[in-house]
Amino acid sequence: MDKQIYSKLREVEDDHWWFVGRRSIVKRVLGLLDLPRMPSVLDAGCGTGGTLPMLSGLGKVVGLELDDGAAKVAITRHAGKLCRGGLPHDMPFSEQTFDLIVLLDVLEHIDDDLSAMMTVRNLLRPNGYLILTVPAFPFLWGQLDEESHHKRRYQASSLARLIQEAGLQAEYITFFNTLLFPAATLVRLASRLIPPNEIASDLRLPRPWLNKILQAIFSSERHFMGWARLPFGVSLLAIVRRT
């Protein structure tokens, strides 16, 4: 990512409706998993560490981050161990494996996403889980994708195929950020006609009242997780297992 985006992330990720909503959805999904007591957890591509405090409540957490600036910020959260490295080949783990790997909006940054998924498979213990989120629908490609150095956005079918080719089993795949999808689509399409003036404009913190409303709408989708498959959305979520 651009360095300015990491700086912007740290400023807003604790309070911005999108990050708060995604954490609430991921937390709900984690509660559905049959994990051992005090599982070993890897947050691969943890960025500035916004998810580490939540994951540290599960068990022993390791954050993995390639970018120097982001890693320095993540360390200040004092939530688990931080390692330097990145998927698919720059990994600091020789023998260590994990009960749970969390890969939140990471795959879209990687040229060879299949190799990355195969590396993740090798890091999972038998019956271990992977929680995976990626941006959905190529037609939503926008400025933030460019600034974030994304390689692609995914269809549900392409994500399912990728998981299968990596030798993993998708137990559940759903879209999310569904309720705000119409508004997000209009904003993305409008930005092609009138590009935003500043970098990372999608990461601006809205006014407090609006931020709370958007957070409540987005977070409410956690109640669908695990039993319903939402038909469309800005993002995709998968519960994946190494069987």
Side-chain angles (χ1 to χ4, degrees), residues 1 5-6 8-10 12-33 35 39-59 61-67 70-71 73-74 77 79-80 82-83 85-88 98-110 113 116-117 119-120 123-124 128-136 144-145 148-154 156 159 162-163 166 168 170-177 202-203 215 218-219 221-222 225-226 233-241:
M1 289 191 188
I5 290 198
Y6 280 126
K8 198 81 169 178
L9 274 175
R10 184 61 187 95
V12 305
E13 67 180 336
D14 289 343
D15 302 307
H16 192 285
W17 64 270
W18 190 87
F19 293 100
V20 175
R22 187 183 68 173
R23 283 195 297 271
S24 70
I25 289 170
V26 171
K27 184 176 181 178
R28 162 69 175 170
V29 169
L30 292 174
L32 302 174
L33 306 183
L35 292 170
S40 57
V41 182
L42 173 65
D43 187 353
C46 66
T48 54
T51 311
L52 291 176
M54 179 185 73
L55 294 175
S56 65
L58 284 177
V61 179
V62 176
L64 178 75
E65 179 52 45
L66 182 64
D67 184 86
V73 174
R77 293 185 178 274
L82 195 76
C83 296
L87 291 166
F98 300 89
D99 298 302
L100 170 65
I101 296 178
V102 176
L103 205 63
L104 303 181
D105 294 282
V106 173
L107 268 188
E108 65 271 16
H109 297 272
I110 300 171
D113 55 354
M117 287 290 285
T119 297
V120 166
L123 288 171
L124 277 174
Y129 287 96
L130 165 67
I131 301 300
L132 169 68
T133 65
V134 292
L144 188 59
D145 294 292
S148 301
H149 300 171
H150 289 174
K151 309 300 180 182
R152 68 196 74 80
R153 298 180 71 94
Y154 289 84
L159 181 61
L162 175 68
I163 292 168
L168 294 162
E171 296 199 335
Y172 175 72
I173 298 178
T174 184
F175 291 97
F176 69 106
N177 204 352
D202 285 0
L203 297 179
Q215 177 184 319
F218 188 19
S219 297
E221 294 183 13
R222 69 189 183 276
M225 296 298 111
V234 181
S235 299
L236 282 156
L237 179 145
I239 300 175
V240 181
R241 203 165 193 183

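In terms of heavy atoms, Leu82 sits closest to Ala71 at CD2-O, 3.2 Å. Across Pro39 and Leu58, no two heavy atoms sit closer than the pair CD-O, 3.2 Å. Val106 approaches Gly45 most closely through the heavy-atom pair CG2-O, 3.7 Å. When every heavy atom of Phe175 is checked against every heavy atom of Ala136, the shortest pair comes out as CE2-CB, 3.8 Å. Residues Ala170 and Ile163 approach most closely at N-CG2, 3.8 Å, considering heavy atoms. Pairing each heavy atom of Ile110 with each of Arg152, the nearest pair is O-NH2, 2.6 Å.
Rounding to the nearest 0.5 Å places CG of Leu64 at 9.5 Å from CD1 of Ile101. The CG atom of Leu104 lies 7.5 Å from the CG atom of Leu55; values are rounded to the nearest 0.5 Å.
Residues Phe218 and Ile25 form a side-chain contact, since some pair of their non-hydrogen atoms from C-beta on lies under 4.5 Å apart. Between Trp18 and Asn177 there is a side-chain heavy-atom pair separated by less than 4.5 Å.
By the 30° and 60° cut-offs, the orientation of the rings of His109 relative to His150 is perpendicular.
Listed for the Arg153 side chain is no donor-acceptor partner under 3.5 Å among the backbone atoms of Glu108. Remark: the backbone N or O of Pro88 is paired with a side-chain donor or acceptor of Thr119 at under 3.5 angstrom. The main-chain N or O of Ser40 is found under 3.5 Å from a side-chain atom of Asp99 such that the two form a donor-acceptor pair.
Checked against ring pair (Phe, Tyr, Trp, His ring centres under 6.0 Å), Phe98 has the following partners two or more places apart in sequence or in another chain: Phe93. Applying the side chain to side chain contact (heavy atoms under 4.5 Å, CB included) rule to Thr174 yields the partners Tyr172, Met225, Arg229, Leu230, Leu237; only residues at least two apart in sequence or on another chain are considered. Arg222 meets the salt bridge (charged side-chain N to carboxylate O under 4.0 Å, His left out) test with no other residue; sequence neighbours excluded. For Ser24, the side-chain hydrogen bond (donor to acceptor under 3.5 Å, both in side chains) criterion is met by Ser219, not counting sequence neighbours. Every residue was checked against the side-chain hydrogen bond (donor to acceptor under 3.5 Å, both in side chains) condition with Asp15, not counting sequence neighbours, and none meets it. Gln215 pairs by the side-chain hydrogen bond (donor to acceptor under 3.5 Å, both in side chains) definition with nothing, not counting sequence neighbours.
The residue from Leu42, Leu30, Val61, Leu124 that alone fulfils the side-chain contact (heavy atoms from CB on, under 4.5 Å) condition with Leu100 is Leu30. With Ile173 as the partner, the side-chain contact (heavy atoms from CB on, under 4.5 Å) test is satisfied by one option alone out of Leu132, Ile239, Leu236: Leu236.
We find that Arg22 and Asp105 are joined by a salt bridge, their nearest charged nitrogen and carboxylate oxygen being less than 4.0 Å apart. Under a 4.0 Å N-O distance rule, the pair Arg77/Glu13 qualifies as a salt bridge.
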Ser235 and Thr133: side-chain contact (heavy atoms from CB on, under 4.5 Å), yes or no, with the steps? CA-CA 7 Å; Ser235 299; Thr133 65; 5.6 Å; no
Is there a side-chain contact (heavy atoms from CB on, under 4.5 Å) between Asp113 and Tyr154? Walk through the geometry before answering. CA-CA 11 Å; Asp113 55 354; Tyr154 289 84; 2.8 Å; yes
Determine, stepwise, if the pair Leu103 / Leu87 fulfils side-chain contact (heavy atoms from CB on, under 4.5 Å). CA-CA 10 Å; Leu103 205 63; Leu87 291 166; 3.6 Å; yes
For Arg23 and Val26, run side-chain contact (heavy atoms from CB on, under 4.5 Å): C-alpha distance rounded to whole Å, both residues' side-chain angles, the deciding distance at 0.1 Å, then the answer. CA-CA 5 Å; Arg23 283 195 297 271; Val26 171; 5.7 Å; no
